[in-house]
Amino acid sequence: MFLCGQNGGRWKDMVMAYRTLGVVFGGLVTSPLYVYPSMNLKSPSEQDYLGIYGIMFWTLTLIGVVKYVCIALNADDHGEGGTFALYSLLCRHTNIGILPSRKADSVTNAAHANPSVGTENRSRLGICIERSMTARRIVLFIAILGMCMLIGDGILTPAISVLSAMDGLRGPLPSIHKSAVEALSAVVLIALFLLQKYGTARVSFLFSPIMASWTFTTPIIGVYSFLRYYPGIFKSISPKYIVHFFLRNGKTGWQLLGGTALCITGSEAMFADLGHFNKRSIQIAFLFSIYPSLVLTYAGQTAYLIRNPNDHSDGFYKFVPGPVYWPMFTIATLAAIVASQSLISATFSVIKQSVVLDYFPRVKVVHTSRHKEGEVYSPETNYILMLLCVAVILGFGDGKELGNAFGVVVILVMLITTILLTLVMIIIWRIPLIISALYFVPFSIVEGAYASAVCTKILEGGWLPFAVSIILAFIMFGWYYGRQRKLEYELANKITLECLGEVLERPEIQRVPGLCFFYSNIQNGLTPILGHYIQNMRSLHRVTIFTTLRYLLVAKVAPNERIIITRLGLNGVYGCVIQYGYADFLNLEGDDFVTQVTNSLRAHIENSEGLSPAYVEEEIMLLERAKEAGVVHVRGKTRFYVGKDTSLFDRILLGFYEFLHSNCRSALPAMGIPLQQRMEIGMLYKA
């Protein structure tokens, strides 16, 4: 499976597999730093440790190998992976989108994505979800919760990784107080976040060597450890040790699942970072380096703890031999920083996708590399993450409470992926329900057991990711609801082309020189802001292009499908749709944007059928003169008018939306439009 193909392809896959070590697997491969310290063990016996190792071995095997490597990596959306990619995949094959524009996109793209699937062959489950608004909202909520949990992961991974690594100072230097370690960890993270604006391109070449050093040195120590302390450690992979562990410990053993769950933390990154690499490179890296490394490292840790049962609070550094202690401390600290960087970058990508698809208020997104479109940076997101990470370290401090919070994020994200992946199996892959159940039932039971265990830790630190997720979900839902109501108003009050034609024939309405880009959120009709604009300005530019930025629920849009020009039947009036996917880089800026659109318009005019050469030449001349006269970009700045007859629900949500909208960034600066060319038209929409 992995060794087929030509030598060049195999070599490329091997190089990419090496590169994944520094980007994809940072959180997963550094988990030995904090798994055992996060467990609330009390006088553990040899049999307890054997049971715990058996649980970790089968968790890595079933969830890491079977679920993610063998199944989830095949559920990509045009090469992109992650929770939202699964949701967009479902939206493209079924009409389950919520926003009106998104629903149109779903219908438009379903046939393009899978033309063989007709109405008669569609899944019954997909049809049921389409017909139920409640079911569609539940699916959207699950996807949003997955995104929120991943952002929570971006807060907790840097905190727990760096704090666990820096805690190694206290072994040989016991005089160092824990508060000093926390302060030093906070300083390291602040420095890391302050460097984000420079991008990772200049230092990313160091990531893979650092993580490779960690990945291949820890199992060497693990082999040395289990050969020295407990050579028979691998007998614990027998399920009988797991059964005896739960029978012997009862409720306490069940609660310890919350700590063992951390051994698989970061596995979601294998799927989420699929768009930066390819499936085969991630599979090679996991199966031939990450998985063996973790199995051997945990075996060595467990073997040491069997002979030293009370050292579990510092389960990693205690099992490191003295002669290599400081080199391993250095590697561990660097690996923790790289792991933190991976989750920070993933959080930036999630925020960018959410903004692009209009599920999150607009924040500034900067591309820090001209060669890698996936490398993005968001200043607002960066500083909020920094404050939260530092607050987590200084507020929690204790590794057990951080582990409890982290366990909630890890398990819920995996459970959400299981649910969405099952929907993909049934609705898109058309796998029979019985076979799909063979995937869903075992994994939902295993992950459900983990989830039930970590939920008992809510009062002991597990409340943090829930609080963060609820706040983020409320922001996303408030923004989504406001955008939905605006679109509904615009569709109900849109201006038809016939009405525009009648208005332009009035003698008091003038056609002034210049080229105008008039931005609209709707395509079937013209925005009501246009009527407000003409009524007050008493004019319309000689050439007006009604422009819609249309973000599709696909990863990327082909360059030849990016700009779509249409004639609207009126002299000098055109329609323009600019299409982007959630992984595309909006690279149209200022004059470059105007040039590309006008070139596309010129080509459209020249290729139009049924027009005389003289008319075509006249129309092109009109376009050139308008462009020389000056360019203006007009967009509406609308607000809701909340009257006394508005319901309490709308008052709260629309008021919250207005607060978000007034504090978020405008869409035009994101495209690099010069300030002197921008015009905003204010208008009140009745709620």
Side-chain angles (χ1 to χ4, degrees), residues 23-28 31 63 67-68 72-73 75-77 80-89 139-161 196 261-262 264-276 282 339-357 359-360 363 365 374 376-378 380-382 384-385 388-389 392 402 405-421 447 450-451 454 462 464-477 555 582-583:
V23 178
V24 177
F25 298 107
L28 179 58
S31 59
I63 296 179
K67 175 183 174 179
Y68 282 100
L73 290 180
D76 66 293
D77 178 29
E80 295 290 326
T83 302
F84 210 84
L86 290 175
Y87 177 71
S88 70
L89 196 61
V139 175
L140 174 61
F141 173 76
I142 291 173
I144 287 177
L145 185 61
M147 288 189 291
C148 294
M149 285 293 173
L150 188 58
I151 295 171
D153 201 359
I155 298 170
L156 293 172
T157 293
I160 195 171
S161 298
Q196 292 300 309
L262 296 181
I264 199 66
T265 180
S267 57
E268 184 70 20
M270 275 195 288
F271 187 32
D273 288 333
L274 184 58
H276 298 162
I282 294 175
S340 302
Q341 178 62 60
S342 300
L343 265 298
I344 293 169
S345 298
T347 303
F348 291 156
S349 296
V350 169
I351 292 294
K352 177 207 168 187
Q353 292 179 10
S354 303
V355 170
V356 161
L357 290 171
Y359 287 106
F360 198 81
V363 295
V365 176
V376 294
Y377 162 70
S378 171
E380 296 96 332
T381 306
N382 182 62
I384 291 174
L385 279 179
L388 290 175
C389 281
V392 165
L402 264 178
F406 204 18
V408 172
V409 171
V410 171
I411 295 304
L412 289 183
V413 169
M414 290 194 298
L415 196 55
I416 287 169
T417 298
T418 296
I419 294 171
L420 294 178
L421 194 53
E447 293 166 358
Y450 275 128
V454 297
L464 178 65
F466 276 110
V468 172
S469 298
I470 288 172
I471 293 171
L472 287 172
F474 184 64
I475 291 173
M476 288 179 133
F477 184 76
Y582 58 80

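Position 1 is the first residue of the sequence; numbering continues from there.
At distances below 3.5 Å, at least one donor-acceptor pair connects side-chain atoms of T418 with backbone N or O atoms of M414. In this structure, S267 contributes its side chain and I264 its backbone to a donor-acceptor pair below 3.5 Å.
Residues Q196 and F348 meet the side-chain proximity criterion, which asks for heavy atoms closer than 4.5 Å. Using a 4.5 Å heavy-atom threshold, the side chains of M149 and E268 count as separate. Side-chain contact between I282 and F25 is present, with at least one heavy-atom pair separated by less than 4.5 Å. At a threshold of 4.5 Å between non-hydrogen side-chain atoms, the residues N382 and T347 do not count as touching. Between S31 and L262, the closest side-chain pair of non-hydrogen atoms is not below 4.5 Å. Side-chain contact between V454 and Y450 is absent, with no heavy-atom pair separated by less than 4.5 Å.
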Margin query: Evaluate Y87 against I142 for side chain to side chain contact (heavy atoms under 4.5 Å, CB included), listing each step before the verdict.
Written below: CA-CA 9 Å; Y87 177 71; I142 291 173; over 6 Å; no
Check: Can you check side chain to side chain contact (heavy atoms under 4.5 Å, CB included) on S342 and V24, steps first, answer last?
Finding: CA-CA 7 Å; S342 300; V24 177; over 6 Å; no
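Note that CD1 of I155 and CG of L464 are 6.5 Å apart. Values are rounded to the nearest 0.5 Å. Interatomic distance, OH of Y359 versus CE of M476, reported as 9.5 Å (0.5 Å rounding). Put simply, OH on Y377 and CD1 on I351 are 13.5 Å apart, with the number rounded to the nearest 0.5 Å. Annotation: the span from F271 atom CZ to L421 atom CG amounts to 6.5 Å, rounded to 0.5 Å. Distance check, rounded to the nearest 0.5 Å: CG of L150 to OG of S354 gives 9.5 Å. To the nearest 0.5 Å, atoms SG (C389) and CD1 (I160) are separated by 12.0 Å.
Each of I144, I416, L145 was scored for a side chain to side chain contact (heavy atoms under 4.5 Å, CB included) with T83, with one residue passing: I416.
Between L420 and V139, the shortest heavy-atom contact is CD2-CG1, 4.4 Å. The minimum heavy-atom distance linking A473 with C148 is given by the pair N-SG, 3.6 Å. Nearest heavy atoms, G146 versus V413: O-CG2, 4.4 Å. Taking both residues in full, the closest heavy atoms of A339 and G27 are given as CB-N, 3.8 Å, listed atom of the first, atom of the second, then distance. Across all non-hydrogen atoms, the minimal contact from L415 to A451 is CD2-CB, 4.5 Å. What you find for L89 and A75 is that their closest heavy atoms are CD2-O, 4.3 Å.
E447 is linked by a salt bridge (Lys or Arg N to Asp or Glu O under 4.0 Å) to K67, counting only residues two or more places apart in sequence or in another chain.
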